[in-house]
Each structure stands twice: as C-alpha cells, then as structure tokens.
Colleague: 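Please read through the structure below; I'll follow up with questions.
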Amino acid sequence: MADNASVIRELYEALDRHDGETMARQYAPDARFKDPAFGALSGAEAGDMWRMLTGRAEDLKVELSEHSADGDTGTAHWIATYTFSTGRPVVNDIHARFRFRDGLIVDHEDSFSIWRWARQALGPPGMILGLPPMNLLVRKRARGDLAKFRGEG
C-alpha cells in the first residue's frame, strides 16, 4: 500500500507531466472531487476531468509547494501556471484536502479564488463572471466541456 504523502506527490508530478492516466489511477472508483470551477464530481468523472485538462494543456507547469498526510487524511498547497484558452496567463494558487482509503484518494477538494482565477483567465469579463451567482456560468461551461469529453454532450 502506498504511503498517502507519496500519493499526493505522485498526483501532482503526473499533473506537471500532463499525465492524466496516472492521475486517474490515484482515485478510488467511488471517489469524490470538488472545486470551484467544476463543482462536485464523482466516480470516474474526476479521472476524466484530469484526462481532459492534461490532454489540452500545452504549457501547464505545476509546483507542489507543500504537502502532508497523516493517517487517512492529507493536504497540499500547489500552484498551476498556464495559458488559458483565451490566451491569457493564469497563476492559480490552490489548497487541497484529501481523504484516502487503501492507498487511493476517496475525497479531494481543491479551494481557490474563483474570482481571481476568472479575472486572470477571462480578463475584464472575469471580474463579473467570478462573482456569485455569475460564477455558475463558469461551472456550467466547465461541466459542459467535461460532458463532451466523456461523450455525454
């Protein structure tokens, strides 16, 4: 059984390599994922999200600033730097919480400022789209992209 701190490290090393398959293997079949952009995902959706994001990432760089695990829980602070599809540069500062079972991730929640992200990724319109309830449009777009990737849309 893998040590949970190494699961976290392997997850972000795979993200930095744009290796969505390796990332997906870090999750239990019944895993749950949540972040401000996609909302709540379950089961294979989390792995498919990472496959989609890494498949279209061109200049994504990931820095795992710190991480730890104690028993069946863990945390990470990571920074993603990339160019969004609008051509705008993004530096996203993310804090993650994990719960593990049998060396796999069963719960993963990423927290970041959706307003700051939207302002960087979308420019002036992002200043409005990052605010509630407009940020639901960002989520609708992210979920729509995932549904298309999964052949559901």
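Numbering starts at 1 and runs along the sequence shown.
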Colleague: Less than 4.5 Å apart, side chain to side chain, heavy atoms only: is that true for D72 and F98?
Modeller: no
Colleague: I'd like to check E21 versus R51 (side-chain heavy atoms, cut-off strictly below 4.5 Å). Are they in contact?
Modeller: yes
Colleague: Side chains of E10 and L15, heavy atoms from C-beta outward: is any pair under 4.5 Å?
Modeller: no
Colleague: Kindly determine whether W78 and D110 satisfy side-chain contact (heavy atoms from CB on, under 4.5 Å), including the steps that lead there.
Modeller: CA-CA 10 Å; W78 60 286; D110 279 348; 3.4 Å; yes
Colleague: Could K140 and D145 be called an ion pair, given the rule that one side-chain N must be under 4.0 Å from one carboxylate O?
Modeller: no
Colleague: Are any of the side-chain heavy atoms of L41 and R143 separated by less than 4.5 Å?
Modeller: yes
Colleague: Within a strict 4.5 Å, meaning less than it, do heavy atoms of the F100 and V106 side chains meet?
Modeller: no
Colleague: Kindly indicate whether the side chain of F112, heavy atoms from C-beta on, has any atom under 4.5 Å from the side chain of P36.
Modeller: yes
Colleague: Dump the intermediate steps for side-chain hydrogen bond (donor to acceptor under 3.5 Å, both in side chains) on R25 and T22, then the final yes or no.
Modeller: CA-CA 5 Å; R25 287 195 298 271; T22 296; 3.0 Å; yes
Colleague: D93 and H77: side-chain donor and acceptor closer than 3.5 Å?
Modeller: yes
Colleague: From the options H95, K34, R99, R97, select the one residue that forms a side-chain hydrogen bond (donor to acceptor under 3.5 Å, both in side chains) with E109.
Modeller: R97
Colleague: So, do D16 and K61 sit near enough that their side-chain heavy atoms are less than 4.5 Å apart?
Modeller: yes
Colleague: Could you check whether any side-chain heavy atom of H108 comes within less than 4.5 Å of a side-chain heavy atom of L11, counting everything from C-beta outward?
Modeller: yes
